[in-house]
Amino acid sequence: QLADEGVTRQDLGREKFIERTAEFVEKTGGTILRQLRAMGASADWSRTAYTLTPELSAAVREAFVRLYEDGLIYRGHRVIHWCPRCLTSLSDEEAEHAEEDGKLYHISYPVEERAGEGPRRALTVATTRPETMLGDVAVAVNPDDDRYRDLVGRFVLLPIAGTRIPIIADEYADPAFGTGVVKITPAHDANDFEVGKRHGLPMPVIMTPEGTMGEVTDASGRVPVELREVDRFEARKRIVAMLEAQGRLVKVEPHRHSVRHCYRCDTVVEPRLSDQWFVRMKPLADPALVAFREGRVRLLPERWEAVYVNWLEGIRDWNISRQLWWGHRVPVFYCDACGWKDALREDPARCPQCRGVVRQDDDVLDTWFSSWLWPISTLGWPDEQSRDLRTFFPGDFLATAPEILFFWVARMIMSGLHFMGDVPFHTVYLHGTARDMQHRKMSKSLGNGIDPLAIVQLYGADALRWTIVAGLGMGADAMFDHNDIEKTFAPGRNFATKLWNISRFLLSSLGEGEPLPSGELSPARLTRADHWILARLDAAIAECDAALGPPRPEGSGRWEPSRRALGLRLNEYAESARRFVWNELADWYLEAAKPRLSGGDADDREVARSVLVHAFDAALRLLHPIMPFITETLWQRIPAPRDADFLARAQWPLRGERHAANAAREFDLVREAIVAVRQVRSDYKIAPGTRMAASVRPASPSARAAFDGERGLVGWLARADLTAAAEGTDATAVAPVLLSDGSELLVPLAGLIDVAKECARVRGELAGLEKQLAALEARLANEGFVSRAPANVVEAERQKLSDWKARREQLVARVRSLCGA
RNA sequence: GGGCGAAUAGCUCAGCUGGUUAGAGCGCCAGUCUUACACACUGGAAGUCGGGGGUUCGAGUCCCUCUUCGCCCACCA
């Protein structure tokens, strides 16, 4: 906004800038909360917190002072990442790498001549950043490099600057890279800084904070007048031209390397020597590693654990000071009169030593220095007796993005351990990132983003949630095509519509004036279909439970050792629930129950309604975490058991065990028969309205009872009249189907069968089966398989073999009678 | 330079500790306004699981290697 007004923060001044920023935060801060609410996030919205309130600010200050007192915060003079646009230092994590095509410039530095010496020599150095040569204070060679051993201790003359700088020996110089000679610029390169320290070299800063050329720390005349205040990239070009003119540019090679950029504005970061506040990280990181190794904190998906460990093991001190104005100000005070300084919890009126005037450090703290305290500062820390802290710390579960694993997650773990002696949570779930079809992160600047609120408007929050939960494996990135959101979000909307329509049917089937279902399911009155849907419901609940993983053992501070038991396979959970609702409840049970619900006697109606309500109620409970809005709305309308005022607070469904397994199996057999008849109808293009006939040869008394008992259902769902099987039917006039239990279904098709075509089809099927059968027989004939595979696997294969053989027999018989000799 | 991930049906993706004839959604083909739903219903076609090698009775799943894409980390100027 300020840029639009053509104003900089410096124009405005610190106070005014903070005022304007606070105004902005006030206006826009609610956006994310609104989005979260619209998407159905279920949080205690009365407990939102903000790091810049007095309470949280006090916690940040307390943390700083304690770390300072413990010697874990110190002032460091070293090369840090500097953003010339933001005019502030950055942490290592805020300076992001990006591969770029650059150039490697080889520059020849003449060796200072010595009296009576032979031909003039020169050392060639290679650099990607020629503009920094003005800050060179030495050239280094490896002490073991024979090529240059004799030159160590002598000097080169820095071109353009004209400065005389020593040739030093340092391990840092890699004999294998380039010429083996490296220029040393301690103020503008972190490695060179280390070399400079080792050799006690001067460290001239030759760039202004804004990134233009200029002497900042001394006036040694290194930067020629014509280059002063020239932007660093422009200066690079000019210096290269000057070197070329002087014959000092040996060659220029293309060179791909990675360049650090400011995470905020993408400006190329400038390594720069300066004074900053640092947190000593090793003492904080070690306990975080121990906590991980002891299993007190766990990352999912597991592959992130290696990343976490790797970062902690190689941790470097954290630059926490920013030369910005918005944030928590560094609580360190100085007395210029006597040189006193200290970090304090309260602002001092004057210097405790000399009563002189004190001033506070100008810098503010890295925003993550406040955020890393979030799990404790929001609960009342540093008051360890705070009720909230004692009640809610440590937390249990954190779901967040992998990109802030280091910035936030690892540091929260460190601060929790350091300040509270415990991890702030036990499981970290690192979810995927929303990307476009080119796998690029969604971002404002690329314009490839999808506004969640727009999706909520168009398809509903439940559809959005469904897409994300059901469509992705654990931790997988989500690719969205913002040009075709329809195909992405329509399935979720369609499923929500399905739920809506199921409830419409359910409500209309309750009928006027009839008593509402009692909710009591008396086993004696249940039909096969009832048993079946109750069995399917139990299976669905079991699958959802398994996908979500078992709850953590009561009172245990850690998860079970088996990580796989943790679950969080949300997509599997969603799919199990969907399949139950759509493919089982809606497609089969509801259709099967229609005759009973509209006709039948009052008892039939009552039972069917009860089962339907029971199953749908359970379905809504299963789906509520994914689709909270529609499930809550529908649950309020149906006569479901009211164990809570809101579905959100109602019980998770439990497995009922009320069904009879054999009755459920019988229904499955009937379903098979219905599907078979439909297939025949479709294959032979028999009009949907045409009533068909079918006969059955049951393989068992149970099957006989099922087909006898469910004749009406077959009539209703397959439009086919089941009759007793007639013996000796003409093969060319009947389509036989072998059901899974061995029962046989015969569909008369006199005059409809194209004998030649059907013969070919059956032969094809038989050929396929023979192939499978041969493989199966080979497997069972294999000594190794029979002796080494688990018994249940072998048994299953044997069962399969006998099933397939029966099927083959049937096909062979059919081929014989259909295709002739 | 190191590490990680992905590559499975036309498309987007599931396939946990190796073990049915590898699944879903969308799309496609055929049919249907069947009194909850055409944002639907019924039936169907479609994959040598990126290439090669290995371990194993058995590999989409484990190991090695190659190719392509992506991400993270990194002090080769």
Side-chain angles (χ1 to χ4, degrees), chain A residues 79 97 104 125-129 140 172-174 176-178 181-185 189-194 255 257-258 271 301 303-304 306-307 310-311 314 402-403 405-406 433 435 437-441 467 470-481 484 486-488 490-498 500-509 546-547 562 564 567 569 571-572 575 578-579 586-587 590-591 594 598 675 678-683 685 687-689 716-717 719 768-769 771-772 775-776 779 782-790 792-794 796-797 799-800 804:
Chain A
V79 172
H97 288 280
L104 193 59
V125 301
T127 181
T128 52
R129 308 181 57 223
Y172 169 64
D174 175 4
F177 187 90
V181 185
V182 59
K183 65 196 258 320
I184 303 297
T185 322
D189 183 287
N191 292 307
D192 293 5
F193 172 76
E194 294 300 324
H255 185 69
H257 61 143
S258 87
R303 59 189 148 88
W304 290 108
V307 178
N310 188 46
W311 186 75
E403 62 205 66
L405 176 59
F406 305 143
T433 304
R435 298 178 186 280
M437 298 318 278
Q438 283 88 253
H439 296 205
R440 297 176 305 183
K441 243 183 243 180
T467 299
L472 297 169
M474 191 198 292
D477 285 348
M479 315 310 167
F480 291 112
D481 188 345
D484 196 358
E486 172 70 12
K487 77 176 176 209
T488 307
R493 175 205 57 197
N494 294 352
F495 185 39
T497 306
K498 192 72 182 179
W500 181 262
N501 283 312
I502 293 170
S503 88
R504 277 181 53 195
F505 175 81
L506 183 152
L507 291 171
S508 73
S509 76
S562 166
R564 301 191 186 286
R569 297 188 303 274
N571 54 330
E572 292 179 25
E575 176 53 26
R578 191 204 67 85
R579 202 198 51 239
D587 289 348
L590 197 144
E591 293 298 330
K594 275 179 182 173
S598 60
V675 170
R678 286 172 178 170
Q679 265 168 8
V680 170
R681 183 191 294 278
S682 178
D683 285 352
K685 313 242 182 285
W716 164 244
L717 293 175
R719 288 164 201 274
L769 183 67
K771 224 170 129 185
Q772 299 286 352
L776 183 58
R779 198 177 314 159
N782 184 329
E783 177 63 27
F785 175 72
V786 179
S787 61
R788 308 180 97 158
N792 61 327
V793 172
V794 176
E797 298 291 277
Q799 180 59 48
K800 201 159 70 184
W804 288 5

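Chain A is the first sequence line, chain B the second, and so forth, proteins listed ahead of strands; every chain is numbered from 1. Here the structure is a predicted model, which is why all the values come from computation and not from measurement.
Figure legend. B:C71 is base-paired to B:G3; pairs are counted as Watson-Crick or G-U wobble with both atom distances under 3.5 Å. In a base pair of the Watson-Crick type (N1 to N3 plus N6-O4 or O6-N4) or a G-U wobble (N1-O2 and O6-N3), with each distance short of 3.5 Å, B:U34 is matched with no nucleotide. Base pairing of B:C76: no nucleotide in any strand meets the Watson-Crick or G-U wobble criterion (both distances under 3.5 Å). Applying the Watson-Crick and G-U wobble criteria (two distances, each under 3.5 Å), B:A46 pairs with nothing in any strand. If you check B:C26 for Watson-Crick or wobble pairing at under 3.5 angstrom, you find it paired to B:G10. Pair assignment for B:C62 gives B:G54, based on Watson-Crick or G-U wobble hydrogen-bonding distances that are each under 3.5 Å.
Side-chain proximity of A:Arg504 to the nucleotides B:U21, B:C37, B:G43 is greatest for B:C37. Checking B:C71, B:A77, B:C37 against the side-chain heavy atoms of A:Asn501 singles out B:C37 as nearest. The side chain of A:Asp174 approaches B:A77 more closely than any other nucleotide in the set B:A36, B:A77, B:C73.
Remark: the separation of the P atoms in B:G23 and B:A45 is 13 Å, to the nearest Å. Separation of the C1' atoms belonging to B:G44 and B:A9 is 14 Å when rounded to the nearest angstrom. Annotation: B:A46 and B:G10 have their C1' atoms spaced 9 Å apart (nearest Å). B:U34 and B:U42 are spaced 14 Å apart, taking the P atom of each and rounding to whole Å. To the nearest whole angstrom, the two P atoms, one in B:G3 and one in B:C63, are 15 Å apart. B:U21 sits 22 Å from B:G25 when the P atoms are compared, rounded to a whole Å. Comparing the same atom, C1', in B:A7 and in B:C66 gives a spacing of 14 Å after rounding to whole Å. For the C1' atoms, the distance from B:C26 to B:G50 is 24 Å, rounded to whole Å.
A:Asn782 comes within 4.0 angstrom of the backbone, heavy atoms only, and of no base. A:Ala476 comes within contact range of the sugar-phosphate backbone alone, with a heavy-atom separation under 4.0 Å but no base atom that close.
Listed pair A:Lys498 / B:C41 meets the phosphate criterion, a side-chain N or O lying under 4.0 Å from OP1 or OP2. Here A:Lys594 reaches the OP1 or OP2 of B:A36: one of its side-chain N or O atoms lies under 4.0 Å away. At B:G44, one or more side-chain N or O atoms of A:Gln679 fall inside 4.0 Å of OP1 or OP2 (strictly under the cut-off). Taking only side-chain nitrogens and oxygens, A:His97 never comes nearer than 4.0 Å to OP1 or OP2 of B:C71. Taking 4.0 angstrom as the limit, A:Asn191 places none of its side-chain polar atoms (N or O) nearer than this to OP1 or OP2 of B:A77. Residue A:Lys487 places none of its side-chain N or O atoms closer than 4.0 Å to OP1 or OP2 of B:C11.
Put simply, the side chain of A:Glu194 does not reach to within 4.5 Å of the side chain of A:Tyr172, judged on heavy atoms.
A:Ser258 contributes a side-chain N or O that forms a donor-acceptor pair with the base of B:A74 under 3.5 Å. A donor N or O paired with an acceptor N or O is not found under 3.5 Å between the base of B:A24 and the side-chain atoms of A:Glu572.
With sequence neighbours excluded, the residues that form a side chain to side chain contact (heavy atoms under 4.5 Å, CB included) with A:Val79 are A:Ala190, A:Phe193, A:Pro271, A:Leu273. By the side chain to side chain contact (heavy atoms under 4.5 Å, CB included) test, A:Asn571 is found to be paired with A:Arg569, residues two or more places apart in sequence or in another chain being considered.
Rounded to a whole Å, the CG atom of A:Asp683 is 16 Å from the P atom of B:U42. If you measure from atom CG of A:Leu472 to atom C1' of B:G15, you get 15 Å, rounded to the nearest angstrom.
Under the 3.5 Å distance criterion, with hydrogens and angles disregarded, no donor-acceptor pair is assigned to the side chains of A:Arg779 and A:Asn782.
Without hydrogens or angle criteria, A:Ser682 side chain to A:Arg678 main chain gives no donor-acceptor distance under 3.5 Å. With A:Arg681 contributing its side chain and A:Ala687 its backbone, the two residues share a donor-acceptor pair below 3.5 Å.
Between A:Arg779 and A:Ala478, the one whose closest nucleotide on RNA chain B sits nearer the 5' end is A:Ala478. Mapping A:Arg303 and A:Met479 onto RNA chain B by nearest heavy atom places A:Arg303 at the nucleotide closer to the 5' end.
Applying the 6.0 Å contact sphere to CH2 of A:Trp311 captures more than 12 heavy atoms from other residues, nucleotides or ligands.
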